[in-house]
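Heads up, the thing below is written out as structure tokens.
Predicted, not measured: the structure shown is a model, and the values here were computed from it. All residue numbers in this chain count up from 1 along the given sequence.
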Amino acid sequence: MRYDLVVFDNDGVLVDSEPLANTILAGYLTELGHPTSYEDSLRDYMGAAIHRVHDLIGERTGQRLPADFDETLHARTFEGFERELEPVDGVTDVLKRLVAAGVPYCLASSGSHERIRVGHRKTGLDAWFRDENIFSAEDVGRGKPAPDLFLHAAARMGIAPERCVVVEDSRLGVQAAVAAGMDVYGFTAMTPEEKLAGATGFFGRMDELPAILGL
């Protein structure tokens with residue numbers, strides 16, 4: 001094993017939530033008078049914490065989103081998760097391989113702890129992740145693309161950043177991992193390689209990841 005800690009992004013890497021979540025976000029912003037397509041949402045918000053939505057809408061329009069925006073968006077997203085969320089194909093096999101090899105792993109997500117837990121209960125990934133290896137942008141001052149979340153996760157897990165590898169599927173996440181001084185492999189199932197510039201390498205199916213990690 002080349003690394004001492006594997007750090008997974010959550011949305012799009014562990015749970016197949018990006019299509020659903022970005023459809024809901026685009027629809028809600030459009031409903032509020034900020035026309036946003038699904039493609040717009042993927043480009044601007046995929047991999048980001050919710051404060052980025054407020055920041056970009058404010059910068060572009062000079063307007064503020066409603067005070068209950070976060071609460072409403074979370075409720076709609078969680079309802080969608082409960083209906084149809086699935087784990088990313090092959091990810092449980094990767095987790096089994098890590099456990100069998102005794103390699104520590106964790107997740108570091110731009111989503112809230114509640115969002116992570118809702119998705120994991122629905123997909124069965126709660127069997128693989130506990131409070132001690134779940135880290136959220138809520139835990140730090142700045143979300144991705146800042147390195148803070150990944151550095152926080154490494155520190156809490158007791159591993160030096162240069163001994164960590166990140167598994168990411170978003171441009172902002174790759175930027176954050178690079179800024180943290182970590183190797184990062186871009187998962188291209190939804191995001192083409194050219195949008196994950198700076199990644200150490202790329203893979204398109206989860207069954208390719210064990211070989212990359214040296215398992």
Side-chain angles (χ1 to χ4, degrees), residues 1-21 46-47 81 85-111 116-117 119-136 144 147 149-215:
M1 179 68 186
R2 283 184 267 173
Y3 303 100
D4 296 334
L5 178 67
V6 180
V7 185
F8 291 95
D9 177 40
N10 187 55
D11 293 291
V13 170
L14 296 173
V15 295
D16 193 17
S17 54
E18 293 291 9
L20 179 58
M46 182 174 167
F81 283 4
L85 189 63
E86 298 289 342
V88 167
D89 188 42
V91 77
T92 55
D93 291 332
V94 175
L95 296 172
K96 288 176 184 176
R97 295 279 290 273
L98 289 170
V99 170
V103 178
Y105 63 89
C106 67
L107 76 83
S109 171
S110 294
I116 295 164
R117 282 306 194 191
H120 283 201
R121 284 196 299 269
K122 174 63 170 63
T123 59
L125 289 177
D126 54 351
W128 299 93
F129 291 90
R130 298 288 184 264
D131 289 346
E132 58 267 23
N133 67 342
I134 293 177
F135 305 100
S136 162
K144 305 168 188 179
L149 177 56
F150 288 134
L151 293 174
H152 171 71
R156 289 290 300 273
M157 297 294 290
I159 305 295
E162 63 269 20
R163 297 300 306 154
C164 299
V165 61
V166 176
V167 183
E168 263 288 355
D169 73 329
S170 75
R171 174 179 58 88
L172 297 177
V174 168
Q175 290 173 354
V178 171
M182 301 176 180
D183 281 358
V184 53
Y185 285 89
F187 183 40
T188 60
M190 268 194 64
T191 310
E193 288 186 17
E194 59 267 23
K195 293 189 177 180
L196 300 176
T200 309
F202 306 94
F203 68 105
R205 301 190 322 271
M206 274 296 159
D207 61 7
E208 299 174 301
L209 185 56
I212 291 171
L213 299 178
L215 290 175

Notebook entry, point to check: Going from CD on Glu168 to CD on Gln175, what distance comes out if it is rounded to the nearest 0.5 angstrom?
Noted result: 10.5 Å
Notebook entry, point to check: Tell me, do Val6 and Pro104 make a side-chain contact under 4.5 Å, heavy atoms counted?
Noted result: no
Check: What's the spacing between Met206 CE and Asp89 CG if we round to 0.5 Å?
Finding: 9.5 Å
Next item on the list: Please name the pair of heavy atoms, one in Ser109 and one in Asp9, separated by the smallest distance, quoted to 0.1 Å.
Entry: CA-OD1, 4.3 Å
Check: About how many Å separate CD1 of Ile212 and CZ of Arg2, when rounded to the nearest 0.5 Å?
Finding: 8.0 Å
Notebook entry, point to check: What is the distance from atom CZ of Phe135 to atom CZ of Phe150, rounded to the nearest 0.5 Å?
Noted result: 12.0 Å
Notebook entry, point to check: Among all residues two or more places apart in sequence or in another chain, which pass the side-chain contact (heavy atoms from CB on, under 4.5 Å) test with Ser136?
Noted result: His113, Ile116, Glu138, Asp139
Check: Does Arg163 have any salt bridge (Lys or Arg N to Asp or Glu O under 4.0 Å) partners at least two apart in sequence or in another chain, and if so, which?
Finding: Asp4
Note to self: For Gly173 versus Ser170, what's the shortest heavy-atom pair and its separation?
What the structure shows: N-OG, 3.0 Å
Check residues 12-20 and write down every donor-acceptor pair under 3.5 Å in which the side-chain atom is one partner and the other belongs to a residue at least two apart or another chain.
from, atom 1, to, atom 2, distance (Å)
Ser17, OG, Asp11, OD1, 2.4
Glu18, OE1, Asn22, ND2, 2.9

Notebook entry, point to check: Nearest heavy-atom pair of Pro161 and Leu151: which atoms, and what distance?
Noted result: CG-CD2, 3.8 Å
Item checked: Criterion side chain to side chain contact (heavy atoms under 4.5 Å, CB included) on Leu209 and Phe8, from CA distance to verdict -> CA-CA 12 Å; Leu209 185 56; Phe8 291 95; 4.1 Å; yes
Checklist line | Side-chain heavy atoms of Ile134 within contact of Arg117, under 4.5 Å | finding: yes
Note to self: Any heavy-atom pair between the side chains of Leu107 and Val7 that's under 4.5 Å?
What the structure shows: no
For a quick test of your reading: what N or O donor-acceptor pairs under 3.5 Å do the side chains of residues 179-204 make, sequence neighbours left out?
from, atom 1, to, atom 2, distance (Å)
Asp183, OD2, Tyr3, OH, 2.6
Thr188, OG1, Phe203, O, 3.2
Thr191, OG1, Asp169, O, 2.7
Thr200, OG1, Val184, N, 2.9
Thr200, OG1, Val184, O, 3.3

Check: Going by heavy atoms in the side chains, are Val103 and Leu215 under 4.5 Å from each other?
Finding: yes
Notebook entry, point to check: What are the two closest non-hydrogen atoms of Ser110 and Leu149, and how far apart are they?
Noted result: N-CD2, 4.3 Å
Margin query: Let me confirm one number: the CG-SG distance from Asn10 to Cys106, rounded to the nearest 0.5 Å.
Written below: 11.5 Å
Next item on the list: For side chain to side chain contact (heavy atoms under 4.5 Å, CB included), just list the numbers for Met46 and Leu172, CA-CA rounded to whole Å, side-chain angles, deciding distance to a tenth of an Å, and then say yes or no.
Entry: CA-CA 8 Å; Met46 182 174 167; Leu172 297 177; over 6 Å; no
Margin query: With heavy-atom distances below 4.5 Å as the criterion, would you say the side chains of Leu125 and Leu95 are in contact?
Written below: yes
Note to self: Using the side-chain contact (heavy atoms from CB on, under 4.5 Å) criterion, which residues pair with Val99? Sequence neighbours excluded.
What the structure shows: Tyr105, Trp128
Next item on the list: Please round to the nearest 0.5 Å and tell me the distance separating atom CD of Glu86 and atom OG1 of Thr123.
Entry: 8.5 Å
Next item on the list: Could you name each residue pair satisfying side chain to side chain donor-acceptor pair (under 3.5 Å) that touches residues 203-214, not counting sequence neighbours?
Entry: Arg205-Asp207
